Q: 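Would you mind keeping the following structure in view while I ask a few things?
Model, not experiment: these values are computed from the prediction. Note on naming: letters A, B, ... go to the chains in the order of the sequence lines (proteins, then strands), and numbering restarts at 1 for each one. No hydrogens, no waters, no symmetry mates; every other heavy atom, side chains included, goes into these values.
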Number of protein chains: 2
Amino acid sequence: MSEVQLKDALDALKSTGVRITPQRHAILEYMIHSTAHPTADDIYRALEKTFPNMSVATVYNNLRVFRKAGLVKELTYGDSSSRFDFVTHDHYHMICSDCGKIVDFHYPGLDEVEHLASHVTGFQVDYHRLELYGTCQDCIENPAKAQ
Amino acid sequence: MSEVQLKDALDALKSTGVRITPQRHAILEYMIHSTAHPTADDIYRALEKTFPNMSVATVYNNLRVFRKAGLVKELTYGDSSSRFDFVTHDHYHMICSDCGKIVDFHYPGLDEVEHLASHVTGFQVDYHRLELYGTCQDCIENPAKAQ
DNA sequence: TACACTAATTATAACGATTACAATGTAAGA
DNA sequence: TCTTACATTGTAATCGTTATAATTAGTGTA
């Protein structure tokens, strides 16, 4: 099933005139198979075995290409590096304020919020981002190393 | 009315043992009166007339103090600097993808989402953050300088 | 009010994520 | 195969943010 996702993503890129390079293929594949929310550096380190000469700039460049194509979302937090998330179906993020763990969860229908906001602000709304912050069970049971 | 907010904020700080310095007073005052969502540098530049010797580190330090005290929220985006928002009552942000403008809007009751997420993930939920992205009317009418 | 204690501020250097740049390599259509 | 524009690479630069050490200044107490 992730094969289909990969093929769809590659087709989507091709149709907008983006060349398919081995690096792009590998980055996309990694993003799709990754259940975590990798940073650019995570991706770089995971792929440097297969692409010993790959530059970290390539990772950043292509993540930007994918983001512009709507294939990938960038999640930014205060201190550290951005995390990137392959866009599948709509889901939101539950984030642990202590250890930084991110868990996906699904919730239907925040379309209503988009409609209201569009009406009130006059914006044309494209998408939204919802994140919940709290403490995960591990950190509740073991409140040792808060950041 | 913003006088009351300022007094409340100062009292809240004092009660947690945080000293009230002129710089802190000024930063809080600026945050409360600002309708925009200033960056640390915005605040620094706005106050350097009154505090010619103030360091940018002071701004960052105090924004962190205020954030830990729950007086201020930090909004992070991809490229640029964080923006800071004095916490009043709950509101969300409508953000223009072209020009970066941020407009507040109100929407009630996303408590239900928090409950569901807590149940599904086992997290103890503290708060959430919702942001809508789109294009503002200015940029729709005048699609000149997209970033 | 003056003192002492401790926290806050300042100035600057360091850090780290991200991007710019120029040179080289390569995908893909003719 | 050839060509050309786009992609990659390696490195330097940028810029927001933080660490550090020395100095300054709140605030409770006498």
Q: Classify A:Asn62 by what it touches in the nucleic acid, base, sugar-phosphate, or nothing, heavy-atom distance under 4.0 Å.
A: sugar-phosphate
Q: CE of A:Met54 versus P of D:dT8: gap in Å, rounded?
A: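 Rounding to the nearest Å, CE of A:Met54 and P of D:dT8 are 10 Å apart.
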Q: Send over the distance from A:Lys68 NZ to D:dC6 P, rounded to a whole Å.
A: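 Value for this atom pair: 14 Å.
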Q: Take the protein atom CZ of B:Phe66 and the nucleotide atom P of C:dA8, then report the distance between them rounded to whole Å.
A: 11 Å
Q: On DNA chain C, compare the nucleotides closest to B:Val18 and B:Ala57; which residue's is nearer the 5' end?
A: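 It is B:Val18, whose closest nucleotide lies nearer the 5' terminus.
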Q: Want to settle it: does B:Phe84 or A:Asn53 sit nearer the 5' end of DNA chain D, counting the closest nucleotide to each?
A: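 Checking each residue's closest nucleotide, the 5'-ward one belongs to A:Asn53.
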Q: Give a yes/no answer on whether the side chain of A:Ser81 brings an N or O atom under 4.0 Å of OP1 or OP2 in C:dG16.
A: no
Q: Working note: A:Leu110 + A:Val113, criterion side-chain contact (heavy atoms from CB on, under 4.5 Å); need CA distance, chi angles, decisive distance, verdict.
A: CA-CA 5 Å; A:Leu110 257 47; A:Val113 184; 4.1 Å; yes
Q: Given C:dT9, C:dA27, D:dT27, which nucleotide is nearest the side-chain atoms of B:Asn61?
A: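 From the listed options, C:dT9 comes nearest.
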Q: Between B:Arg24 and C:dT9, is there a contact of a side-chain N or O with OP1 or OP2 at under 4.0 Å?
A: yes
Q: Using only atom types and a distance under 3.5 Å, with no angle test, would you say the side chain of A:Thr121 pairs donor to acceptor with the backbone of A:Ala117?
A: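 Looks like yes, one N/O pair under 3.5 Å.
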Q: In whole angstroms, how far is the P atom of C:dA17 from the CD1 atom of A:Ile43?
A: 14 Å
Q: It should be established whether A:Tyr60 places a side-chain nitrogen or oxygen under 4.0 Å from OP1 or OP2 of nucleotide C:dT19.
A: no
Q: Any side-chain N or O of A:Gln23 below 4.0 angstrom from OP1/OP2 of C:dT26?
A: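 Negative; the distance criterion is not met.
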Q: Side-chain contact test, heavy atoms from C-beta onward, threshold under 4.5 Å: evaluate it for A:Ile27 versus A:His25 and give yes or no.
A: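 Heavy-atom side-chain distance check fails, nothing below 4.5 Å.
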Q: Within this structure, what is the CZ-to-C1' distance between A:Arg19 and D:dT8, rounded to whole angstrom?
A: 12 Å
Q: From the list D:dA7, D:dT9, D:dT27, which nucleotide is the closest neighbour of the side chain of A:Thr58?
A: D:dT9
Q: Could you tell me whether the phosphate oxygens of C:dA17, OP1 or OP2, come under 4.0 Å of any side-chain nitrogen or oxygen in A:Thr39?
A: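 So the side-chain polar atoms of A:Thr39 never come under 4.0 Å of the phosphate oxygens OP1 or OP2 of C:dA17.
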Q: What is the ring orientation for B:His93 with B:His37, classed by angle as parallel under 30°, tilted 30 to 60°, or perpendicular over 60°?
A: perpendicular
Q: Round to the nearest Å and state the distance from B:Arg64 atom CZ to C:dA8 atom C1'.
A: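 Spelled out: CZ on B:Arg64 to C1' on C:dA8 is 13 Å.
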Q: Between C:dA11 atom P and B:Phe51 atom CZ, what is the distance in whole Å?
A: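 Those two atoms, CZ and P, are 13 Å apart.
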Q: Using OP1 and OP2 only, check whether a side-chain N or O of B:Thr21 sits under 4.0 Å from C:dT9.
A: yes
Q: With a 4.5 Å heavy-atom cut-off, do A:Phe51 and A:Thr58 have their side chains touching?
A: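 Not in contact.
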Q: Can you tell me how far C1' of C:dA11 sits from CD of B:Glu48, to the nearest Å?
A: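 My rounded result for the distance is 15 Å.
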